Amino acid sequence: MNLIQELRWRGMIQDIMPGTEEQLNKEMTSAYIGFDPTADSLHIGSLVPILLLVHLQKAGHKPFALVGGATGMVGDPSGKSEERNLLSEEVLKRNQEGVKKQLMQYLDFDPARPNSAEMVNNYDWFKDFTFLHFIRDVGKHITVNYMMSKDSVKKRLEGDSGMSFTEFTYQLVQGFDFYWLYKNKNCKLQMGGSDQWGNIVTGTELIRRKDGGEAFAFTCPLITKADGGKFGKTEKGNVWLDPQKTTPYQFYQFWLNASDEDAEKWIKIFTFLTKDAIDILIHEHKMNPASRTLQKTLALEITVFVHGKEELEKALETTEKLFANQNAPAESLSVDDLEQMEGVIKSIYEKNKIEAGIDIVSFLAETGIFPSKGEARKMVQGGGVSINRKKAGTADINIDAAFLLHKKYILVQKGKKNYYLVEAI
RNA sequence: GGGCAAGUAGCCAAGUGGCCAACGGCAACAGACUGUAAAUCUGUCCUCUUCGGAGUUCGGUGGUUCGAAUCCAUCCUUGCCCA
């Protein structure tokens with residue numbers, strides 16, 4: 001199976017330019033994907049492009065990861081209904097560093113390999129590119145008519161919020177990236193999310209018009225959820241790749257909670273398991289959906305890929321303790337069990353206040369588990385809070401020393417899945 | 001510079017003097033059912049609250065009025081048309 005066939009059955013190809021497959025079969029091809037430094041960490045949405053690069057490298061081609069130091073300053077209008085706010089230069093700089101560090105861990109940068117990965121930053125070639133040179137060398141080759149026919153632009157022109165010249169120019173800036181890489185790194189292929197198609201095509205067009213060169217492209221579909229919700233969001237917001245922002249446990253849980261339908265799609269995209277292996281898993285899962293084979297495998301594979309084996313072990317352990325024996329009383333958990341739970345949010349509380357007794361609502365608010373007493377009360381009354389695995393049905397429960405596990409901990413659940421460990425000091 | 005239209009909660013979107021913390025939808029969170037799914041049903045969803053209420057909102061400011069998201073003035077922002 002060649003690279004394109006492989007990616008096709010995985011459902012990772014949306015649009016593809018004619019000739020791309022032939023080019024990849026012909027020779028080792030350099031290809032790139034751009035990552036915009038809109039935050040100081042990548043989130044799981046960026047995982048798909050990363051995986052594309054990994055697949056590419058596995059197939060013997062040379063991947064380039066481009067950090068959009070320059071494009072990040074402009075703002076990509078694709079998929080945005082409104083003009084975006086510009087990020088300050090310090091923020092961008094910090095983000096670039098963060099993104100760069102993360103990309104480093106997923107690709108093989110060993111220069112001994114003929115197809116070692118490379119990291120580039122488009123800020124490097126844009127910082128000294130003057131406006132005049134830009135409009136002469138780049139702008140001259142692309143007509144405004146062409147630019148306006150792009151979906152990202154058309155939507156904004158038809159909509160009622162307009163579009164600034166800055167964002168309008170974005171596709172040229174990104175297009176020039178491709179040209180630059182083509183010229184200087186012999187890069188002939190660009191990949192990206194399907195929302196990038198327009199921008200990518202501007203690049204191939206620029207290469208053709210400026211140099212008469214031929215360049216290729218394909219995009220992957222944007223990841224969606226079967227229920228129409230946004231992919232990669234949880235109560236706490238984005239699911240990040242940075243373990244400081246999303247702990248490996250939370251990360252693991254995110255994948256474990258995938259619906260059957262999504263899991264079947266995602267396991268192809270987010271793991272490197274072979275077609276045969278996946279077919280078997282899907283079959284097994286259908287025989288016995290309750291065992292959640294697909295979700296478990298998916299979560300396991302992807303957590304190892306992103307955080308490593310060791311972190312996965314910890315995540316599994318915590319999961320085991322918290323969910324395997326849901327009915328086991330909290331008292332059965334050892335001190336070690338409690339202390340080593342990773343991904344459980346910990347907070348501290350004054351011991352003497354507990355010993356004196358305190359109403360549950362104040363307790364929940366003061367430990368920071370809920371932002372206010374009002375919210376804590378509502379959630380308790382709605383049956384959404386458990387203390388030491390026992391549902392707190394009314395707001396008049398009094399927390400006292402009897403609630404302390406091992407004389408120092410209280411395990412609080414907000415909903416079924418959000419655990420908090422309060423330590424009394 | 002001139003004319004027209006618009007700006008309401010995270011988003012979409014009603015409301016056009018009192019019954020407005022503001023219809024409805026989406027998203028989000030929780031409960032029931034389940035498989036730590038999905039679908040469905042229920043509740044919450046501006047802030048705080050001793051759950052009785054209290055406080056701050058409808059682009060900004062100033063005004064009219066007993067009373068304004070709603071009327072007037074002015075400014076800002078956006079779109080469309082003309083120059």
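All of these numbers come straight from a predicted model, not from anything done at the bench.
With B:G31, B:G35, B:A30 as the candidates, the nucleotide lying closest to the side chain of A:Lys416 is B:G31. The side chain of A:Asp260 has B:G35 as its nearest neighbour among B:G35, B:U36, B:A38. With distances taken from any side-chain atom of A:Asn418 to the nucleotides B:G31, B:A37, B:A30, the minimum falls on B:A30.
Between A:Lys286 atom NZ and B:A38 atom C1' there is a gap of 14 Å when expressed in whole angstrom units. Rounding to whole angstrom units, OH of residue A:Tyr249 and P of B:U36 are separated by 13 Å. As rounded to whole Å, 11 Å separates atom P of B:G31 from atom NZ of A:Lys414. For the pair A:Glu320 CD and B:U36 C1', the computed distance is 13 Å after rounding to whole Å.
Using a 4.0 Å heavy-atom distance criterion, A:Ser291 is classed as making no nucleic acid contact. Across all strands, A:Gln381 comes closer than 4.0 Å to no nucleic acid atom at all (heavy-atom distances). A:Lys391 comes within contact range of the sugar-phosphate backbone alone, with a heavy-atom separation under 4.0 Å but no base atom that close.
Comparing A:Ala258 and A:Gly384 along RNA chain B, the residue whose closest nucleotide (by nearest heavy atom) sits nearer the 5' end is A:Gly384.
For B:G52, the O4'-C1' to base torsion is within 90° of 0; the nucleotide is therefore syn.
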* Could you walk me through whether A:Gln174 and A:Thr202 pass the side-chain hydrogen bond (donor to acceptor under 3.5 Å, both in side chains) test, one step at a time? => CA-CA 8 Å; A:Gln174 184 171 330; A:Thr202 303; over 6 Å; no
* Stepwise ring-ring contact (aromatic ring centres under 6.0 Å, His included) test for A:Phe272 and A:His55 -> CA-CA 9 Å; A:Phe272 294 101; A:His55 277 293; 5.0 Å; yes
* To do: Kindly indicate, with the supporting measurements, whether the criterion side-chain hydrogen bond (donor to acceptor under 3.5 Å, both in side chains) is fulfilled by A:Gln196 and A:Gln190.
  => CA-CA 10 Å; A:Gln196 292 300 310; A:Gln190 183 177 178; over 6 Å; no
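Listed by first and then second residue, the salt bridge (charged side-chain N to carboxylate O under 4.0 Å, His left out) pairs involving residues 278-293 of chain A are A:Glu264-A:Lys286, A:Lys275-A:Asp279 (not counting sequence neighbours).
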* Asked: Could you write out RNA chain B as a dot-bracket string, with dots for unpaired bases, | for bases paired across to another strand, and Watson-Crick or G-U pairs counted at under 3.5 Å?
  -> ((((((((.[[[..)..(.....]]].(((((.......))))).(((....)))...[[[[[..)....]]]]]))))))).
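Residues A:Ala217 and A:Ile200 share a closest heavy-atom pair of CB-CG2, 3.3 Å. Counting all heavy atoms, side chain and backbone alike, A:Trp266 lies closest to A:Ala258 at CZ3-CB, 3.7 Å.
Not less than 6.0 angstrom separates the ring centroid of A:Phe270 from the ring centroid of A:Phe305.
For the pair A:Lys373 and A:Leu364, the minimum side-chain heavy-atom distance is 4.5 Å or more.
Put simply, the side chain of A:Gln295 and the base of B:U36 share no donor and acceptor less than 3.5 Å apart.
For the OP1/OP2 pair of B:A37 and a distance below 4.0 Å, the side-chain nitrogens and oxygens of A:Lys417 include at least one atom meeting the criterion.
With hydrogens and angles disregarded, a donor-acceptor distance shorter than 3.5 Å links the side chain of A:Tyr419 to the backbone of A:Leu322.
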* Summary of protein contacts for nucleotides 39-55 of chain B, nucleotide by nucleotide, where a base hit scores B, a sugar-phosphate-only hit scores S (4.0 Å, heavy atoms) -> S-----S--SBSB----
